[in-house]
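See structure below.
We count ligands from 1, going down the list as the structure has it; atoms in each ligand are counted the same way.
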Amino acid sequence: QKNLVILISGRGSNMEAIVRAAIPGARVAAVIANRPDSAGLAFAESHGIPTAVVDHKLFADRSSFDKALAETIDGFSPDLVVLAGFMRVLTGEFVDHYAGRLINIHPSLLPSFPGLHTHQRALEAGVRVHGATVHYVTADLDCGPIIIQAVVPVSDTDDEKSLSARVLRLEHQIYPQAVRWIVEGRTRIDAGRVKVEGVRTAEEGWT
Ligand code: GAR
């Protein structure tokens, strides 16, 4: 069994999708939030998953928060740390400590629209397609090797609410898929890019 530790800051719908996916070979060892009022904590508790809160407001700086967070995470012997709507920027030390076993979901087609307010910015830019990305986390924000992406069309009548809802439905599909691939040991990073064993590549016959 691989231990997943999932970090949330709020609603936790991606965490919920991963829990509901019941991925063979994986167990959600803990759900950890940086905000005591994170709505997702109740879902985890109701599913018998251990929860913890490491409240960033109780720490003087980023590095002491990250240290406490890492200690809490490591108490659950994680094989994979899953950021699921975790809205804190992490220090280089933290990221290094979990190198190769820390992943994130971001609500845009990276490298477009890193950072916040991705749906609003996509609408303002007039892009015709938008989406979500699951990637390994590196020290540069929203820049790590891409594991999987999902694309949605953008319509002229979209607003932030409709577009974010369309993207979120796909987030709930691609995040469990990425976790499944990692748990199955099928991903590797080659020259900064993720290869997934058994997933079609251009060389196998795309035109
Ligand atoms: C998701 O859309 C996720 O992609 C995004 O926050 C939302 C969390 O929803 N993450 C980021 O913006 C990371 N910078 P959830 O709590 O229901 O999973």
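- Here the heavy atom of the protein found nearest to atom 8 (C) of ligand 1 is G85 CA, 3.6 Å.
- The closest approach between I8 and ligand 1 stays at or above 4.0 Å for every heavy atom of the residue.
- Using cut-offs of 30° and 60° for the angle between ring planes, the F86 and F65 rings count as parallel.
- Residues D66 and T91 bring a donor and an acceptor atom of their side chains to less than 3.5 Å of each other.
- The nearest heavy-atom contact from the protein to atom 4 (O) of ligand 1 is E171 OE1, 2.7 Å.
- The protein heavy-atom contact nearest to atom 12 (O) of ligand 1 is P107 CD, 3.5 Å.
- Here the heavy atom of the protein found nearest to atom 15 (P) of ligand 1 is S13 N, 3.4 Å.
- Not close to ligand 1: A132, with no non-hydrogen atom less than 4.0 angstrom away.
- Remark: D156 engages R128 in a salt bridge, criterion side-chain N to carboxylate O under 4.0 Å.
- Between K67 and E71 there is no salt bridge, since no side-chain nitrogen of the basic residue lies less than 4.0 Å from a carboxylate oxygen of the acidic one.
- Protein heavy atom closest to atom 16 (O) of ligand 1, with residue, atom name and distance, is G12 N, 2.7 Å.
- At the shortest separation from atom 9 (O) of ligand 1 among protein heavy atoms lies R11 NH2, 3.0 Å.
- Under 4.0 Å is where a charged nitrogen must lie from a carboxylate oxygen, and between D37 and R35 at least one such pair does.
- At least one heavy atom of M87 lies less than 4.0 angstrom from ligand 1.
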